[in-house]
Amino acid sequence: MDGAPRLPTRLRPASLRTNALLIALAMLVLPQAIVIGWSLMERDIGGKLQWETRMAVDETIAVLGSDPDAPGVSEAVTAVAARWGTRIRVVKKDGTVVVDADADRGTDVVHQVGTLFFGPDGAPTLRELDETLGPVVKREEVVAVTGWAEAEPPAPPPLPEGTAHRASVLSVPTVEANIRTGCRTSPAGKLLLCHAAEAATIGGEPHVVYAQESSRRAVRALYDLRYHLARLSIMMLPFTLLFAWWMGRRMARPIEWLRDRVLEKARAANPRADIDLRGGEEVRDLAVAFNDLLGALDERRRANEAFAADLVHEFKNPVAAIRSAAESLAASGGADAQRAARIAKILADSSAQLDALVSQFLELARAEAGMPNEDRGDVDLGALAKGITSAREDARYEVEVVEDAIVVGVATRLDSLVRNLVDNAASFAGKDGEVRVRVRVEREDARADGAGPSVILEVSDSGPGIPPADLPRVFDRFFSARKQGRGTGLGLALVKAIAEAHGGSVEARSEGATFRVALPAKPRE
């Protein structure tokens, strides 16, 4: 078949295999990427905590003033601790704690998310770690700013089983004026504890203001294993590639099988909708969809075959009449005027019938194609209905129309739609019957589907109506319940095609043979 589109002999399912490989590699690299990314977010957490504890110390000294025992001082220090999320202690030289306000949160949003993904890390609280560091006045950072005593190493309780080290200095302590800041980590590095210490004379007595803030490190232990993770990823790479190849092949094979079946059906003379439903759920859904498509194509093919057969049959009648008249005219020799006039009438009627059939068939083909190349404009459907019925005398007409029943469409095609409905009604009503034509606008708020306003054309007659058994077929091509010799059987099929080409619909009702056409109304400006 020259000019027919060529079907591909081989699809390219390799993209599925590529995607499977990329997914497998991404899952292999993802843990390492998460650890590195999370560590970048944690990188400056120590500096942030030291700055906050220093600000808390400065504000606390300002709040204490000259009398640490004055009313409201303790509440003010508590407010400072809450603002900075720290634990603040004011301690005398003899170790007496004047104020102890603990508002340490121990974590933030980032580390709460980390705990959600990695689970509880078993890190101690600030108080638990602080108890292992010994008295405040003997800690290295406090001795450095006060000079009260030599720092003594803490004597913590025995380490838990499996713990590798005790609290250790994480960052180098810094001293600016008489303020000293620094950070420590808990055993196993699961809690970061930062501090700031400043000596101050309050009420004539030496004191030290000591602030601490902690941060849980949900991913830190995993970060310490990043090199082990990298080695593990390299070791798993061959298995990952093998798995990706197997998974890609597993995904592509049923699609390749389905492709081969569809191409096989496409090349068959009479393809049947009998593709096997096998494979996974998605492949079975595709097979069902292809079977539905093949079924629809087969139904359309049968309809076209029936249409061609009906068309040939309809063409044969006027052609046979023309042939018979021509043969009779040739055989009659010098036929009298009356016989010649009768033969001429047969030729004229048959040729007119043949012309009408060809014209309507061409109009139907264009309407079913959607009339893509025909100009459209505003058409007043009510005025059109009045104009068509006003000059007719083949029945009694009752016309009820509203103003501004405007649709956007091809005027000649809409004229054909109305005229065919009126012709159909008049043929069944008879000269003594009645044809009722009604045009109205159905607003959007009156429609159940909410699809916007529509112009409704209803044509009914006083004839015998449509038998219920014929309702499903009234819009089929060449279906007609008229008396012999009237109509082509294409009129209602043409009405349906024109309505649908304008975005509308048509339906038939058996009572009084009522036909209802709904067309989209012109949008209001």
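Worth saying up front: this structure is predicted, and the values here are computed from it rather than measured.
- Here the closest non-hydrogen pair linking L126 and L191 is N-CD2, 4.1 Å.
- A donor-acceptor pair is defined here as one N or O able to donate and one able to accept, closer than 3.5 Å; no such pair exists between the side chain of H195 and the backbone of L193.
- Although no hydrogens or angles enter the test, the distance criterion places no donor-acceptor pair under 3.5 Å between the side chain of E131 and the main chain of E128.
- Under a 4.0 Å N-O distance rule, the pair R89/D130 qualifies as a salt bridge.
- Listed for the T96 side chain is no donor-acceptor partner under 3.5 Å among the backbone atoms of K92.
- Between R261 and D276, none of the side-chain N atoms (NZ, or NE/NH1/NH2) sits under 4.0 Å from a carboxylate O, so this pair counts as no salt bridge.
- Using a cutoff of 4.0 Å between basic side-chain nitrogens and carboxylate oxygens, E442 and R440 are scored as salt-bridged.
- Defined by atom type and a distance below 3.5 Å, a donor-acceptor pair is missing between the side-chain atoms of E213 and T86.
- The main-chain N or O of V410 is found under 3.5 Å from a side-chain atom of H502 such that the two form a donor-acceptor pair.
- With respect to the salt-bridge test (charged N to carboxylate O, under 4.0 angstrom), the residues K496 and E500 qualify.
- Here the CG-CD distance, from L471 to E507, works out to 10.5 Å after rounding to the nearest 0.5 Å.
- Within the 4.5 Å cutoff, no side-chain heavy atoms of V143 are placed close to those of W148.
- Neither side chain, Q212 nor D104, offers a donor N or O lying under 3.5 Å from an acceptor on the other.
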>> Between V99 and I88, does the side chain to side chain contact (heavy atoms under 4.5 Å, CB included) criterion hold? Intermediate values first, please.
In response: CA-CA 8 Å; V99 178; I88 301 175; over 6 Å; no

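- Other residues, nucleotides and ligands contribute at most 12 non-hydrogen atoms within 6.0 Å of the CG atom of D375.
- Looking at E141 and R184, a side-chain N of the basic residue comes within less than 4.0 Å of a carboxylate O on the acidic one, giving a salt bridge.
- The two residues V439 and A405 have their closest heavy-atom pair at CG1-CB, 3.7 Å.
- No side-chain donor-acceptor contact under 3.5 Å links R180 to the backbone of V142.
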